[in-house]
Amino acid sequence: AAVVMQVLESTANYNMHPVKAGVDMYLSLLVLCPLIFVFFHSRSARLNTDFLSKLSTAIYLTHVFFINILLNTGWMEQGTALFVMVMLASTVVSAVLVWSDRKWNMLF
């Protein structure tokens, strides 16, 4: 139900918003975010939370760098391709940073 609500809100925002830009979907996130939290909280014994917390911090800190690089060099414009490239690059670089921190204990 939450995914259907997310898709409906996304479609409504796309059709009704004058500028076809990124729009946050707050209504469906009120339902979806607690469900995601409860899902992962119930499985917390199987997750390495130290790795995940460091990885999410590194992604948060590096994604702006990749957005600026890709937009300012003219390689791509805003849109889905930019999102995919930024997420891929920041996740890979962040995983390397977290791995190197485990090995040399330099960052976190």
Side-chain angles (χ1 to χ4, degrees):
V3 173
V4 171
M5 189 175 182
Q6 178 77 29
V7 169
L8 290 174
E9 185 176 1
S10 175
T11 303
N13 281 334
Y14 182 79
N15 290 329
M16 295 176 9
H17 201 271
V19 179
K20 303 298 184 204
V23 177
D24 291 332
M25 285 152 291
Y26 295 115
L27 183 62
S28 58
L29 291 179
L30 285 172
V31 175
L32 194 57
C33 289
L35 289 175
I36 292 171
F37 176 79
V38 168
F39 175 77
F40 282 106
H41 182 66
S42 66
R43 286 153 181 75
S44 64
R46 292 182 253 157
L47 294 175
N48 181 351
T49 56
D50 182 54
F51 174 78
L52 291 177
S53 66
K54 290 178 180 180
L55 182 66
S56 63
T57 300
I59 289 171
Y60 175 76
L61 294 173
T62 60
H63 83 280
V64 175
F65 171 76
F66 290 108
I67 290 172
N68 287 329
I69 292 294
L70 292 172
L71 285 178
N72 292 334
T73 57
W75 287 351
M76 58 182 49
E77 297 177 8
Q78 290 187 358
T80 304
L82 176 67
F83 170 76
V84 170
M85 291 301 295
V86 167
M87 285 308 302
L88 181 66
S90 61
T91 301
V92 169
V93 167
S94 297
V96 169
L97 286 172
V98 172
W99 175 81
S100 65
D101 180 58
R102 280 185 173 177
K103 189 166 179 127
W104 295 297
N105 200 16
M106 314 181 296
L107 299 172
F108 298 104

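Because the structure is a prediction, the values reported are computed rather than measured.
- Hydrophobic clustering, with ILVMFWY side chains joined whenever heavy atoms are under 4.5 angstrom apart, groups F39 together with I36.
- Note that CG of D101 and CG of L55 are 12.0 Å apart. Values are rounded to the nearest 0.5 Å.
- The shortest distance between side-chain heavy atoms of V93 and F65 does not fall below 4.5 Å.
- Atom CZ in F83 sits 13.5 Å away from atom CG in L70 (nearest 0.5 Å).
- Heavy-atom contacts from other residues, nucleotides or ligands closer than 6.0 Å to CE of M5 number more than 12.
- Between the CG atom of L97 and the OG1 atom of T57 there is a distance of 11.5 Å, given to the nearest 0.5 Å.
- Closest approach of S56 and S53 over heavy atoms only: OG-O, 3.0 Å.
- The backbone N or O of L88 lies less than 3.5 Å from no partner atom in the side chain of T91, so there is not a single donor-acceptor pair.
- Hydrophobic clustering of Ile, Leu, Val, Met, Phe, Trp and Tyr side chains at less than 4.5 Å, counting indirect connections, keeps L8 apart from V31.
- Side-chain atoms of S90 do not come within 3.5 Å of backbone N or O of H63 as any donor-acceptor pair.
- Grouping the Ile, Leu, Val, Met, Phe, Trp and Tyr side chains by contacts below 4.5 angstrom, directly or via other members, places L82 with I69.
- Linking Ile, Leu, Val, Met, Phe, Trp and Tyr residues whenever their side-chain heavy atoms come within less than 4.5 Å places V98 and M87 in a single cluster.
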